[in-house]
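Atoms within each ligand, like the ligands themselves, are counted from 1 in listed order.
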Amino acid sequence: MSRTIAVLTGGSTPERDVALAGAAQVVAALRDRGYTVRTVDTAYGELSSEREAQLLHPDVKREPPGAAALEDLAELEQAIDLVTLDALTNTDVTFLVLHGAQVEGGALQERLDAARITYTGSDPAGSRLAMDKDAAKRRLEDAGIPTPAWALWPADDEAVRSFGFPLIVKPSKAGSSVGLSLVETVNDLPAAIRVAQTVDDEVLIEVYLPGRELTIGILDGRALTVGEIIPQHEIFDYECKYTPGLTEEVFPADIDTALAKDIQYLGETAHRALGLRDFSRVDFRLDTGGRPHCIEANTLPGMTATSLLPQSAAASGLSFGDLCARLVELALRRAGHGNKVPR
Ligand SMILES: Nc1ncnc2c1ncn2[C@@H]1O[C@H](COP(=O)(O)OP(=O)(O)O)[C@@H](O)[C@H]1O
Ligand SMILES: [Mg+2]
């Protein structure tokens with residue numbers, strides 16, 4: 001019997017386009033595998049095939065959607081009670097292809113749990129923790145995983161001095177480098193703080209690590225293949241993330257076996273320490289001594305076929321279709337038989 005999957009996508013955050021691009025490819029891959037797929041946009045509800053063809057396009061624009069457009073979408077979202085939609089309650093698994101604080105923070109997962117809807121990926125608590133960089137970094141430190149030194153803003157002058165310049169300013173709860181700045185001088189600090197505060201009340205200042213950037217996909221608790229991210233800018237900012245050609249991504253990373261093993265171990269440990277489920281992508285930067293520090297773990301990493309987690313999986317022999325099918329299986333395993341069965 002063919003399973004029915006609801007692919008839930010859209011959102012009203014700056015990462016909406018990224019989600020739609022991922023959904024375009026996840027939907028195609030799952031249909032290719034013989035699943036029946038119903039596509040649901042958080043703002044528009046279940047999509048007809050015509051609407052789906054209009055909305056799900058594989059390209060991401062250079063800039064995130066503007067504030068006015070996102071406000072309109074948020075208003076539409078208010079009017080929809082997602083967890084009562086037939087497309088979600090009457091399918092086997094809801095496959096989340098969404099990004100941004102609302103979902104990565106676990107609020108949606110909480111509502112899905114309450115409605116007994118089976119979904120892919122981490123539970124509310126793990127999602128909430130990973131989304132909160134300040135809380136997550138404390139947990140990583142407790143687990144013995146190095147992470148760049150940081151302070152919550154407002155920080156005292158001494159902390160700022162000890163970090164030196166350049167330093168990183170970022171919202172505690174965000175993604176896709178939205179609201180994040182590399183700050184070169186003390187004069188640029190106030191403006192960077194203001195930018196970050198438009199995204200989240202809690203803002204971190206963090207020591208800048210100038211070394212290479214490495215990433216590892218985790219699937220069912222096990223590390224996949226380490227990759228290197230080589231952006232043309234000093235940091236992996238929004239433009240580098242979503243403009244083809246601005247970033248080189250190398251899988252497997254051209255690094256020592258010992259460092260690769262280290263990253264795999266730290267990635268698995270971070271995934272476990274943060275209480276994540278099914279899959280995640282854990283990101284690292286090397287310090288001047290070449291030692292890896294965990295910058296963050298992502299519970300809903302990008303899911304286009306060329307996104308980093310799918311590349312990490314591909315380098316381990318799992319195609320994009322295999323990966324999508326595996327995420328469905330992991331959710332089904334948790335559900336027992338999917339949510340058509342009364343429990
Ligand atoms: N402490 C740091 N040192 C050097 N680069 C950093 C640091 N923190 C973040 N970055 C750069 O900014 C990018 C985005 O930061 P990250 O903390 O992952 O936020 P987001 O959740 O927005 O992806 C990273 O991929 C990296 O290139
Ligand atoms: Mg990141």
Side-chain angles (χ1 to χ4, degrees), residues 13-15 18-19 60 64 98-105 127-137 140-141 145-153 155 159-160 162-184 192 195-196 198-200 202-218 227-243 246-249 253 263 267 270 274 280-303 307-309 312:
T13 72
E15 291 164 286
V18 184
V60 178
L98 283 164
H99 309 292
Q102 297 158 345
V103 254
E104 292 185 51
S127 307
R128 193 179 312 117
L129 182 55
M131 188 61 190
D132 182 339
K133 290 195 171 74
D134 178 51
K137 282 165 71 77
L140 292 173
E141 275 198 330
I145 299 163
T147 180
W150 82 104
L152 270 182
W153 190 259
V160 178
S162 76
F163 289 180
F165 286 90
L167 55 72
I168 294 278
V169 171
K170 57 172 109 168
S172 189
K173 294 177 281 300
S176 282
S177 306
V178 173
L180 181 146
S181 310
L182 175 66
V183 179
E184 301 282 353
V195 168
T198 61
V199 181
D200 186 26
E202 267 186 1
V203 170
L204 273 63
I205 61 168
E206 199 171 273
V207 165
Y208 172 67
L209 297 183
R212 296 163 79 179
E213 184 153 339
L214 301 165
T215 187
I216 180 81
I218 308 290
E228 178 171 10
I229 300 158
I230 312 172
Q232 275 184 18
H233 304 167
E234 272 141 323
I235 57 170
F236 196 27
D237 58 17
Y238 190 93
E239 200 181 345
C240 285
K241 280 179 179 170
Y242 304 116
T243 311
L246 275 194
T247 302
E248 200 187 329
E249 293 156 358
I263 300 274
L274 296 171
S280 66
R281 200 195 76 228
V282 189
D283 300 336
F284 296 84
R285 260 328 255 225
L286 302 184
D287 63 19
T288 44
R291 287 172 298 261
H293 296 249
C294 179
I295 349 181
E296 65 154 347
N298 301 281
T299 52
L300 285 168
M303 276 301 282
S307 294
L308 296 163
L309 171 79
S312 179

Shell of protein N/O/S atoms around the Mg ion (ligand 2), taken as anything under 2.8 Å: Glu296 OE2

Neighbour count above 12 (heavy atom, 6.0 Å) for Glu184 CD: yes

Electrostatic pair Glu206:Lys133 at N-O distance under 4.0 angstrom: no

Between CD1 on residue Ile230 and CZ on residue Arg212, distance to nearest 0.5 Å: 7.0 Å

Qualifying residue for side chain to side chain donor-acceptor pair (under 3.5 Å) with Ser172, from Asp200, Asp134, Asp132: Asp132

Under the salt bridge (charged side-chain N to carboxylate O under 4.0 Å, His left out) test, residues paired with Asp283 that sit two or more places apart: Arg281

Amino acids in close contact with ligand 1, where any non-hydrogen atom sits under 4.0 angstrom away: Lys133, Pro148, Ile168, Lys170, Ala174, Gly175, Ser176, Ser177, Leu180, Glu206, Val207, Tyr208, Leu209, Glu213, Ile235, Phe236, Lys241, Arg285, Ile295, Glu296

Audit row: Leu167, Val160, side-chain contact (heavy atoms from CB on, under 4.5 Å) steps and yes/no: CA-CA 9 Å; Leu167 55 72; Val160 178; 4.3 Å; yes

Validation row: Ile168, Val183 side chains within 4.5 angstrom (heavy atoms): no

Non-neighbouring partners of Phe236 that pass ring-ring contact (aromatic ring centres under 6.0 Å, His included), sequence neighbours left out: none

side-chain contact (heavy atoms from CB on, under 4.5 Å) assessment of Gln232 paired with Thr243: CA-CA 11 Å; Gln232 275 184 18; Thr243 311; over 6 Å; no

